[in-house]
Amino acid sequence: CPPPLLTLSHISGISMSPSRQNSHHSLHSTMVLPKTSYSVISAFCTEENISQCIAYINQEVCSLGLTGVSLESESGGLSAVLVLNLLYEVLQLQRRAQRALHELETQQLKNSSDLEHLQHSNCRLKDQLEHTRRENSGLHEGERQLQLKIKTLQNCLKSEKEEVQKLQSIISSRATQYNHDSKRKERECTKLKERLNQLLMDKRDKKLSIEMSNYVGRSDGKRGLWKTSKMEARHEGEMYRALLSDYETRQRSLVLENSELKKVLQHMKKDMIAILSPKNVCVQPEPADDSLEQAVSEGEEEAGDRSRESLEQSCEQAREQLTNSIRLQWRKLKSHMERLDSQVSLEREGDEVMSRKEHEDEMQRMRLELQQCKEFIHMQQQLLQQQLSSPCDEETAALLNDCYTLEEKERLKEEWRLFSEQKRNFERERKNFTEAAIRLGHERKAFEEDRAVWLKTQFLNMTPFVDRKRPALSEPHGALAVSTEPEAKLQSTPPLVTKSQSYSVFSTPKAAPVKMPSTADLYRTLHLIPESRGHGKCASGKMLTKSRLRNCSTDCSVISLVRDESSPV
Amino acid sequence: MNFSEVFKQSNQLCKVSPDGKYLATCVQYRLVVRDINSLQIVHLYTCLDQVMHMEWSSDSLFILCAMYKRGLVQVWSLEQPDWHCKIDEGSIGLVSSRWSPDGRHILNTTEFNLRVTVWSLCTKAVSYIKYPKACQKGVDFSADGRYMALAERRECKDYISVFVCDDWHLLRHFESETQDLAGLEWSPNSCVLAVWDSCLEYKILLYSLDGRLLSLYSAYEWSLGIKSVAWSPSSQFLAVGSYDEKVRILNHITWKKITEFEHPATIINTKAVVFKEVEKRPVVGSEDLSIHQLTVDNSLFSTQSKYEITQLPAQVPVIKPDPDRANPKIGISTLAFSADNRFLATKNGTPLSITYARPVVDAVTLLVNSTCREVTIICYMMHLCCWS
């Protein structure tokens with residue numbers, strides 16, 4: 001049956017994919033069907049050689065591992081099922097083979113691209129390597145050249161140093177040479193001078209002389225003294241004295257300075273000890289250390305006290321002690337300050353917001369104050385400048401000055417007038433007062449007299465001794481009358497004399513009795529008359545007059561007189 | 001400032017008497033003495049030759065006129081104008097002449113520095129001192145006038161002789177450790193003698209009155225050394241100015257340097273006050289201190305110059321002198337202490353530089369100090385500037 005065979009080739013013709021066109025030659029073992037192979041297929045299998053073909057196909061199929069086709073001898077035909085199965089298996093095979101081929105092809109592409117890439121990178125790396133090698137060689141070359149340069153420079157330096165040394169030696173040798181030469185020349189010169197001197201001495205053509213009209217006296221007026229060894233000794237002595245006095249003054253000033261400095265150091269030490277005393281040191285990170293130091297500082301204090309006495313003698317030991325103690329205190333102070341600093345920095349990191357705020361507030365306040373003060377000062381400066389600059393106009397300045405002085409003068413006049421007025425009033429009042437006092441005295445006296453008289457009359461009326469008392473009456477009266485006279489005289493003086501003693505009139509009698517007896521007298525008369533009344537009038541009256549007369553002459557016995565009168569009482 | 005009329009004088013010989021009552025000027029061979037208040041001529045003396053040097057005696061009673069060419073010295077008296085005195089050095093010549101501090105002896109230095117002759121006006125006696133040294137300052141009298149120090153050079157060595165001015169008795173004669181003594185100066189308290197070497201070596205020696213070496217100070221070697229030296233009035237400090245434009249101050253207790261002052265070309269110290277002189281002259285514009293040609297007419301007095309304070313940093317004009325010449329004009333040329341020991345005035349370099357004044361104890365530099373101190377600067381251009 002040729003139609004099935006035809007269809008078979010037709011199918012196989014169709015199933016040839018276009019992608020396989022290129023590689024179909026490689027699969028010629030499995031597939032060999034060209035398009036125009038109709039005649040080939042027909043050439044392979046004809047109606048006569050079917051069995052051979054089948055046997056051949058079976059052979060081929062067996063070699064491929066597939067089940068063969070068995071012939072059915074009855075009709076001499078093939079079982080279509082078997083053939084189809086065989087065909088199917090062959091197709092499957094082919095499919096698999098194609099897949100494998102595909103895979104292999106992709107693999108191959110990949111490999112080729114990889115290979116290309118590798119080749120490229122290989123080339124690149126080779127180039128790079130070449131390049132770096134070249135660079136390296138260049139750098140080596142450069143380094144070598146620099147090394148050469150260094151060597152040459154070092155050589156130059158060495159040569160220069162040598163040259164310098166050589167030059168220096170040349171200079172020193174030349175200097176010695178010049179010194180030598182100059183010395184030689186100098187010697188020659190002195191020889192010349194000596195010769196010249198000799199010649200001049202010998203020749204004496206022009207004598208050196210001095211002509212003076214008369215001798216001049218010495219500047220200090222003293223006579224000249226002969227030159228003796230005593231004089232020489234005196235000069236030496238004076239010289240040494242001058243030197244000694246200079247040294248002494250210097251030493252004194254140095255001692256003063258020294259003592260000042262020592263005092264300052266002592267104060268510093270005290271202050272430092274005070275600062276570092278246990279109360280002030282708040283943080284003690286190393287308590288053992290501190291306590292030790294404090295104990296040492298206390299010991300130092302005592303030592304300081306002791307050393308103070310020895311310092312007066314200013315011996316070496318005391319000085320060393322002082323300086324050592326100062327150094328120690330200073331070191332402690334420094335460490336204390338460092339501790340404080342660290343403390344402050346620590347605290348600052350902490351949240352002491354309150355204190356900082358306060359601090360800032362205070363700072364603000366202070367800044368404000370400062371600003372105000374500055375403005376104030378500025379204002380003051382301006383005003384001052386104004387004031388200073390304004391009298392540039394001399395006339396107005398003079399005028400102003402005059403005005404001011406006039407004003408002052410006026411004021412002074414006014415005050416002076418007032419003062420004199422007041423003084424006058426004052427005096428008037430005093431006069432009045434004294435007059436009043438005098439009058440009062442008079443009146444009192446009169447009153448007392450009357451009283452006395454009255455009492456006497458009373459007494460006389462009472463007693464039988466009337467007649468004898470009458471002359472006695474006149475006496476005290478007379479005494480009192482006599483007493484009034486000097487009093488009157490005295491009274492005249494107070495207004496004149498008490499100008500300067502105006503105060504004593506108003507003051508208590510005991511306060512100012514010494515100066516002016518007149519006013520004191522006045523008071524005494526005022527006070528004493530009542531006193532003396534009850535104690536024998538005649539005697540007291542006499543005593544009063546005596547005292548008053550005495551007072552007229554003397555000044556100072558006033559107080560004693562007061563006592564005298566009181567004593568017999 | 002008011003100026004009087006111009007008086008003629010020659011050789012810059014114009015001196016005020018020590019008691020301040022008279023002014024003496026020399027015009028060629030005449031000596032003119034004027035009263036200083038009225039400027040009337042009080043005395044007129046005629047000398048035998050042109051006067052080269054004129055000096056008042058310390059008590060203002062005599063004037064010395066030296067005529068070097070003829071080797072003559074004439075002395076005139078103010079009290080007795082008829083009194084005359086003539087000292088003739090003879091053929092030995094005369095190089096310098098000066099008074100002794102008591103005003104009764106004249107010291108003449110002969111030519112070639114052969115000797116120093118001491119003439120006494122009280123006794124007409126003559127004394128000779130041999131081998132005096134010819135140097136910058138070879139003779140110095142102590143402040144109280146008691147001692148005279150004289151530098152001598154014998155057998156290529158320096159010696160110092162100390163004389164008692166009373167009777168010129170040689171008190172001490174000792175060798176000085178200098179290579180080439182350039183000068184000596186007594187301290188104001190007359191107890192220490194400062195002796196310094198020539199500028200080839202920086203060395204200053206301190207000798208006590210009796211000839212003992214107290215100390216030696218040398219700041220550096222090889223470069224040019226000391227140019228000027230000044231004592232402070234209290235003898236506590238010694239200022240040494242050198243060619244390296246620095247002033248070093250030594251203290252009198254240890255004779256070691258206590259401080260060093262520099263003279264920089266740019267002043268940047270904020271505590272410094274810089275005064276710049278501004279002149280109002282029609283021809284020349286405002287410029288700082290410069291040398292003017294002194295003219296005979298009164299153009300000098302017609303210039304108005306005032307000093308104004310310049311801003312810091314201030315540039316000090318510096319002219320570099322030729323360093324190859326001998327005695328170059330660099331370095332500290334003049335030093336002067338104020339009377340209260342607190343300030344030091346220095347003049348650096350050429351006359352074109354500005355003077356520095358600074359307190360001695362602090363390192364603060366003040367260019368012309370503040371109130372209440374007087375520093376008189378006589379500039380090369382003949383302006384007398386009094387600073388207070």
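Proteins get letters first, then strands, A, B, ... in listed order; numbering begins at 1 in each.
- Using a distance-only test at 3.5 Å, with no hydrogens or angles considered, no donor-acceptor pair links the side chain of B:S176 to the main chain of B:I160.
- Both the backbone and the side chain of B:W83 come within contact range of chain A, with heavy atoms under 4.5 Å apart.
- Across B:I87, B:L200, B:L170, B:D59, the residue that shares the most heavy-atom pairs under 4.5 angstrom with chain A is B:I87.
- When each of A:K193, A:E238, A:E194, A:M231 is scored by its heavy-atom pairs under 4.5 Å with chain B, the top score falls to A:K193.
- Not a single donor-acceptor pair under 3.5 Å links the side chain of B:K157 to the backbone N or O of B:E175.
- For a residue to count as touching a neighbouring chain, one of its non-hydrogen atoms must lie under 4.5 Å from one of that chain's; by this rule B:H105 does not touch chain A.
- Contacts of A:L192 with chain B are absent, with no heavy-atom separation under 4.5 Å from either backbone or side chain.
- Looking only at heavy-atom pairs under 4.5 Å with chain B, the residue among A:T249, A:D246, A:L196 that has the most is A:D246.
- For a residue to count as touching a neighbouring chain, one of its non-hydrogen atoms must lie under 4.5 Å from one of that chain's; by this rule A:E211 touches chain B with backbone and side chain alike.
- Proximity to chain A is limited to the side chain of B:V192, based on heavy atoms less than 4.5 angstrom apart.
- No donor-acceptor distance shorter than 3.5 angstrom exists from the side chain of B:D19 to the backbone of B:S60, with no hydrogens or angles considered.
- Judged by distance alone, the side chain of B:S58 and the main-chain N or O of B:P101 form a donor-acceptor pair under 3.5 Å.
- The backbone N or O of B:A66 lies less than 3.5 Å from no partner atom in the side chain of B:S97, so there is not a single donor-acceptor pair.
- Using a 30° and 60° split on the angle between ring planes, B:H43 and B:Y45 fall in the parallel class, below 30°.
- At distances below 3.5 Å, not a single donor-acceptor pair connects side-chain atoms of B:K203 with backbone N or O atoms of B:T178.
- When each of A:H235, A:K183, A:E236 is checked for heavy-atom pairs under 4.5 Å with chain B, A:H235 comes out on top.
- No side-chain N or O of B:D166 forms a donor-acceptor pair with one of B:H169 less than 3.5 Å apart.
- Ranked by non-hydrogen atom pairs under 4.5 Å with chain A, the options B:N113, B:D180, B:V73, B:L114 are led by B:L114.
- Side chain of B:S17 to backbone of B:K21: a donor-acceptor contact under 3.5 angstrom is found.
- Of the listed residues (B:Q74, B:Q236, B:K86, B:E155), the one with the most heavy-atom contacts under 4.5 Å to chain A is B:K86.
- Using a 4.5 Å cut-off between heavy atoms, B:R153 contacts chain A through its side chain alone, with no backbone atom that close.
- In this structure, the portions of B:D102 lying under 4.5 Å from any heavy atom of chain A include both its backbone and its side chain.
- In this structure, chain B has no heavy atom under 4.5 Å from any part of A:I171.
- Note: B:R172 leads B:R146, B:R172, B:R115 in heavy-atom pairs under 4.5 Å with chain A.
- Of the possible polar contacts, one joining the B:W186 side chain to the B:D140 backbone as a donor-acceptor pair under 3.5 Å is found.
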